[in-house]
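Just so it is clear, the model here is predicted, and its values are computed rather than measured. We number each residue from 1, following the sequence as shown.
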Amino acid sequence: MNISKLENYRENNRLEAKAAQGGLPRSVWETVSAFANTEGGIIVLGAKERKDGTLEIAGLADADKMLDDFWNAAHSPDKLSCCVMSDRDARIEDVDGKEFIVIEVPRADRRLRPVYVSGNPVTGTYRRDHKGDYRCASNEIQAMYRDASDESVDTRVHENLTVDDLSAETIGLYRRSYELHHSAHAWADLPDEEFLCRIGAAKVGGDGKAHPTSAGLLMFGEEWRIMAEFPHYFLDYRQELGTDERWQARITSQDDSWSGNVFDFYRRVFNNAKQAINVPFKLDENSERIDETEAHDALREALANCLTNADYNERRGVVFLWKEDGLHLSNPGGFRIGIEEAYIGGNSDPRNETMMKMFTLVSIGERAGGGIPDMVKKWTEAGYGRPVLSEQVNPERSNIFLPLATGSDGNDVGNVGNNVGNANIGAMAIKEQVLRLITDNPKISAQGIADSLGKSKRHIERVIAGLREEGILVRDGGTRGSWRIVSSDDVGE
């Protein structure tokens, strides 16, 4: 951000301006909490919004005193539960003789969340979305406390169940896959119960018997048993490649023709979604055709990442979509580390660490923190556009978008693809731009949005349909009405 060009910026989910003409505003602490609990952001004190939404520097009468007041309050637990900022994160700037304060609030480490104000996490925990700061609901606060623990959430033992309650068929499939990668390993010959204990799928309880852990139940359980422990558990895959039908193929955990567990879902989805990947004709040293590319490994990594980072206590479930523009993967719960950190790699922090270990044992996924960078590298080297990671809040979700168009000239390289142009804007970036245009003009048409973004009307209509399905966007007044952006609490589940 170029502070000297502040007039070129508008408030958004990473930037907040406050005129602060009457002293340090009380609302600054709500914004600090919101930025710390989301993706971080910048607060400018001494700037105000013009009528057109752009920013204007108003200046401060005594910036030094206001900065002192800010730091005195920031280090008080009565004002802020945890000061996530260091001295270098707040400073006085001067443009054209007008002084103002710039505060850069970093994303708080998950172990410090929730960051709340006025000593009360129930009423003082905030987050940031495209509309500004909002007070968190109890389920969001509880999710932050779950994530703050150093113990993986999938290690809980379900002593009301035994390993006999798990799917023997799924365990057999997993073990056969394990033996392919560890043929000489001593665990390959263990009885099922002991094998499950070794991989973390079961633990011996106080009664001396082996019981499934949450990881074991999710990976190998029957859907109805999983639902008894995780009432919001839901896995959904849809192939949506046209407008004539809602979908061409669907796999859901609620289909009683199969187990409905995570491991079987992964296998079924991978075998279906891999058809989206183009396989060029190539022979190995034995003159046999190579039927997989680097993109297949990237897809495995993306699927495993979503399934092992999902918060299975939250609503809306894990959703994978194969659409014309690419593969959209989404799971409840935000990224445990910042998106920028995830792109860089080297810091693995899966929400369900035991499940990640179980995938890794059959050579799926990466525990060393190199999974996301490796996924990006392999997908792009296969000729596709760069994968896009994104987060949303209210409800909190993590998203991975694997584009099926090239990153350079926009020509299709997959079996199915959509030319997204040289900009190669990811699906979530397009959603954000659509929402921004609707915020500025609630009566804007799909054609108007398409013209503004250089997209086809059909493409924008699909984006709008997705936003309406997610409960983010509603239409008031029919075809001649206007759009309204709402929170998930305003619409039915």
Side-chain angles (χ1 to χ4, degrees), residues 152-183 185 187-204 209-237 249-274 299-310 312 317-320 331 350-365:
S152 179
V153 297
D154 62 355
T155 58
R156 181 165 69 96
V157 180
H158 298 265
E159 297 205 13
N160 57 318
L161 299 173
T162 70
V163 294
D164 291 334
D165 294 317
L166 302 179
S167 169
E169 183 180 356
T170 308
I171 293 170
L173 289 169
Y174 180 88
R175 295 203 65 167
R176 284 193 288 277
S177 181
Y178 178 87
E179 289 166 8
L180 287 174
H181 298 91
H182 306 275
S183 58
H185 199 284
W187 291 3
D189 297 323
L190 294 174
D192 279 352
E193 185 173 297
E194 189 172 350
F195 176 80
L196 293 172
C197 288
R198 296 290 182 97
I199 66 172
K203 285 185 180 179
V204 176
K209 298 178 180 178
H211 303 278
T213 61
S214 291
L217 178 62
L218 290 163
M219 287 285 278
F220 304 133
E222 298 282 351
E223 186 264 352
W224 66 276
R225 291 195 187 277
I226 298 173
M227 288 283 291
E229 304 295 321
F230 297 91
H232 303 305
Y233 174 81
F234 182 59
L235 310 176
D236 190 15
Y237 165 81
R250 190 177 190 191
I251 301 168
T252 87
S253 55
Q254 294 182 347
D255 180 352
D256 60 6
S257 66
W258 62 288
S259 68
N261 59 48
V262 168
F263 187 68
D264 282 344
F265 180 75
Y266 165 84
R267 293 174 56 254
R268 288 168 176 257
V269 170
F270 177 78
N271 287 330
N272 192 293
K274 72 179 183 180
L299 176 59
R300 289 188 180 94
E301 177 63 42
L303 292 171
N305 184 284
C306 283
L307 290 167
T308 58
N309 282 291
Y312 291 100
V318 177
V319 179
F320 298 157
N331 63 266
R351 182 170 279 108
N352 299 288
E353 190 172 1
T354 309
M355 290 176 67
M356 175 59 82
K357 170 190 171 183
M358 291 159 69
F359 272 115
T360 305
L361 286 172
V362 290
S363 297
I364 301 168

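- Trp187 places none of its side-chain heavy atoms less than 4.5 Å from the side chain of His182.
- Between the Asn309 side chain and the Arg351 main chain, a donor and an acceptor come within less than 3.5 Å of each other.
- Residues Met358 and Phe220 are in side-chain contact: their nearest non-hydrogen atoms beyond the backbone lie under 4.5 Å apart.
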Considering only distance and modelled atom types, tabulate donor-acceptor pairs under 3.5 Å from the side chains of residues 190-199, sequence neighbours left out.
from: Asp192; atom 1: OD1; to: Arg175; atom 2: NH1; distance (Å): 2.8
from: Glu194; atom 1: OE2; to: Arg198; atom 2: NH2; distance (Å): 2.9

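- Of all heavy-atom pairs between Val163 and Ala202, the closest is CG1-CB, 3.8 Å.
- You'll find the side chain of Pro212 stays beyond 4.5 Å of the side chain of Asp165, heavy atoms only.
- Considering only heavy atoms from C-beta on, Met355 comes within 4.5 Å of Leu218 through its side chain.
- One finds the CZ atom of Phe320 at 4.5 Å from the SG atom of Cys306 (value rounded to the nearest 0.5 Å).
- We find the CZ-OH distance between Phe359 and Tyr174 to be 8.5 Å, quoted to the nearest 0.5 Å.
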> Hey, mind stepping through Ser214 and His158 against side-chain hydrogen bond (donor to acceptor under 3.5 Å, both in side chains) and telling me if it holds?
Replying inline: CA-CA 7 Å; Ser214 291; His158 298 265; 2.8 Å; yes
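- Inspection of the Asp264 and Thr170 side chains reveals an N or O donor paired with an N or O acceptor under 3.5 Å.
- Side chains of Phe270 and Leu299 form a contact here, defined as non-hydrogen atoms less than 4.5 Å apart.
- The line from CE of Met356 to CG of Leu361 is 11.5 Å long, rounded to the nearest 0.5 Å.
- With values rounded to the nearest 0.5 angstrom, Ile364 atom CD1 is found 11.0 Å from Thr308 atom OG1.
- In this structure, the separation between NE2 on His211 and NZ on Lys203 is 12.5 Å, given to the nearest 0.5 Å.
- For the side chain to side chain contact (heavy atoms under 4.5 Å, CB included) with Tyr312, the qualifying choice from Asp154, Asn331, Val318, Leu217 is Val318, the only one to do so.
- The distance from the CD atom of Glu159 to the NZ atom of Lys209 is 11.0 Å, given to the nearest 0.5 Å.
- A salt bridge links Arg250 with Asp236: at least one charged nitrogen is closer than 4.0 Å to a carboxylate oxygen.
- The backbone N or O of Phe265 lies less than 3.5 Å from no partner atom in the side chain of Trp258, so there is not a single donor-acceptor pair.
- Glu222 places none of its side-chain heavy atoms less than 4.5 Å from the side chain of Asn261.
- Using a 4.5 Å heavy-atom cutoff, the side chains of Arg156 and Thr213 are not in contact.
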> Would Glu229 and Asn160 count as a side-chain contact (heavy atoms from CB on, under 4.5 Å) if you check the C-alpha gap in whole Å, the side-chain angles of each, and the deciding distance to 0.1 Å?
Replying inline: CA-CA 10 Å; Glu229 304 295 321; Asn160 57 318; 2.9 Å; yes
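- With hydrogens and angles disregarded, no donor-acceptor distance shorter than 3.5 Å links the side chain of Asn352 to the backbone of Thr354.
- Annotation: side chain of Tyr266 is not in contact with side chain of Leu235 (no heavy-atom distance under 4.5 Å).
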